[in-house]
Amino acid sequence: MTDKIKDLTQGDLSSHLYRIALPIMGTSFVQIAYNFTDMLWLGRLSSQALAAVGAASVFTWIASAFSLINKVGSEVTISQSIGAGKRDEAKSYAAQNTCMSLLISMVVLSVYALFANGLLGLYELSPSVHAEGLTYLYLSLIGFPEIYLTASLTGLYNAIGDSRTPFRISIIGLAMNMLLDPFFIFTLGWGTAGAALATVVSQIVVLALFLRQVKRDKLFGGFPFLVRLRSAYVRRILKIGVPPTSLQVLFAFVSIYMGRQVSELGGHIGVAAMTSGAQIESLTWNTALGVTSALTTIVGQNFAAGKLRRVYTAFCRALSFTLCIGLLGTLLFVFWGEELFSLIVPEEAAYKAGAAYLGIVGLSEVFMMIEITAEGLFYGLGRTYLPAAVSIAGTYLRIPMVLLFAGWGWGIHAVWWAISISSILKGLTMLYFFLRWRRRTQAARRAEAHAV
């Protein structure tokens, strides 16, 4: 059904941007709601359960990061192939990305099955918290193949301009997760294990619905999921997908280090404040990531079609939207952080610690929006290495910052300030690279016009 494939090189850019971005943002909010559902119920179980799942979630985050190889790979390779008018190539990339995602998921699952205990031990949690976290992590492994295949298929639908299909499917998964969470955690008394199983069951249902939809749509005339991988395709997918994946994995490693510092400085209350605070903060950056995914698709098609003016206009319109989101986030987190956090954890010590986290990192929201939006631009151009390099460098700068600020006696706030300041620096750096790209593009166009 080729009518599902949208030509984004024609028509109103704002309409394209919001038509694609809004369902992606909805999908992101569904994922946030997944996490909030777990946190709301676990927070009422105990702050210890919340800390255990928070620590384990860092490693599921790392695992999910590898799914970006084929999510971003699908978005960029397929959208650029469509923009260049090469539908057969787009079909081949759809098959190659899907097959790769399944193989990678099995490799990551095997590694986690062997080393989960040692990995979680990096947090140096108390034995009871460690045991709860390990149970959650082991059960989460069941959902890894579903996560990877779903990510690849989501990237495929985003690339063709149909972001509504992933959104509709994810809504069903959310509804199931919300129903199963309290039943598994409290009614059956499974605690953290119940939270993990509720999520896994929802992931299985989501993948089943995706597979049925792909079969029904017959995109590109239909394509196989298991194919012989072709080196030229694999190399290009890895070239595009590995940088954002590396960014997320290395970012998670820094988070583990920061988590250890927080655990030493604030105990399990500090860990709960950081992990749960990050989930609240995701309200803003997940919104921006929805715009980024839409921008990646629009830029990919228009760049491949040689329409650079539309690329620039799309970026400016996306940035104006994300900056508004960043400003709203700053106001919410700085002035109403305690009220937001108390909705998740009713323990006074925990929500006061969380409010301090939100108040400090909230100052960097606008700069984070600049970084994320510029990321979408460069992803669409196929230059995924640039935003990845900037983010990795800025994120690893947090380690010496924490040591310096802690040495000044800032306590647990040293971690919060390191996160906030590094985000500001990353945003400013990406703004510089965008302006440099814009100047070079304008100079090239003037030179071309002069030559003609």
Side-chain angles (χ1 to χ4, degrees), residues 31-64 112-144 147 177 180-203 252-282 341-351 353-354 357 412 415:
Q31 185 57 55
I32 295 172
Y34 261 63
N35 298 331
F36 266 110
T37 299
D38 284 349
M39 288 193 302
L40 284 169
W41 293 115
L42 290 169
R44 279 149 181 75
L45 192 61
S46 69
S47 59
Q48 175 176 306
L50 194 64
V53 173
S57 294
V58 173
F59 296 103
T60 59
W61 170 24
I62 294 174
S64 298
Y112 270 55
L114 292 172
F115 302 108
N117 186 51
L119 290 172
L120 197 61
L122 295 173
Y123 269 99
E124 297 184 345
L125 299 167
S126 66
S128 59
V129 176
H130 177 91
E132 282 193 73
L134 190 60
T135 298
Y136 184 92
L137 187 54
Y138 275 136
L139 290 173
S140 297
L141 299 183
I142 303 169
F144 280 16
I147 291 171
N177 191 59
L180 293 180
D181 251 341
F183 180 67
F184 284 179
I185 293 172
F186 293 105
T187 304
L188 297 181
W190 291 350
T192 54
L197 288 172
T199 300
V200 167
V201 170
S202 302
Q203 290 164 344
F253 286 149
V254 174
S255 296
I256 293 171
Y257 172 82
M258 304 288 265
R260 289 189 61 173
Q261 296 297 313
V262 167
S263 182
E264 292 175 3
L265 294 169
H268 76 273
I269 291 293
V271 174
M274 185 176 75
T275 55
S276 302
Q279 293 296 336
I280 295 175
E281 190 191 3
S282 69
F341 215 96
S342 64
L343 295 174
I344 298 175
V345 189
E347 295 180 34
E348 183 177 0
Y351 70 69
Y357 169 89
I412 198 170
V415 180

Quick check: closest heavy atoms across Leu180 and Ala198, and the distance to 0.1 Å? CB-CB, 3.8 Å
Least distance between heavy atoms, Leu137 atom then Ala116 atom: CD2-CB, 3.8 Å
Kindly compute the distance separating OG (Ser57) from CD1 (Ile62), expressed to the nearest 0.5 Å. 11.5 Å
Which distance, rounded to the nearest 0.5 Å, do you find between the OG1 of Thr187 and the CG of Asp181? 11.0 Å
On a heavy-atom basis, the closest approach of Ala196 and Leu139 is CB-CB, 3.8 Å
Thr199 OG1 to Asn177 CG distance, which is reported to the nearest 0.5 Å: 4.5 Å
Indicate the atoms forming the closest heavy-atom contact of Ala113 with Tyr138, along with that distance. O-CE2, 4.0 Å
Any idea which heavy atoms bring Phe59 and Tyr112 closest together, and the distance? O-OH, 2.5 Å
Reported OH-to-CG distance for the pair Tyr136 and Leu197, which is rounded to 0.5 angstrom: 10.0 Å
Does the side-chain contact (heavy atoms from CB on, under 4.5 Å) test come out yes or no for Thr135 and Trp190, once each step is laid out? CA-CA 11 Å; Thr135 298; Trp190 291 350; over 6 Å; no
Shortest non-hydrogen pair, Thr60 vs Ser140, comes out as CG2-CB, 3.9 Å
Is the shortest heavy-atom distance from the side chain of Asn117 to the side chain of His130 under 4.5 Å? yes
Just how far is it from atom CD1 of Ile147 to atom CD1 of Ile142, taken to the nearest 0.5 Å? 11.5 Å
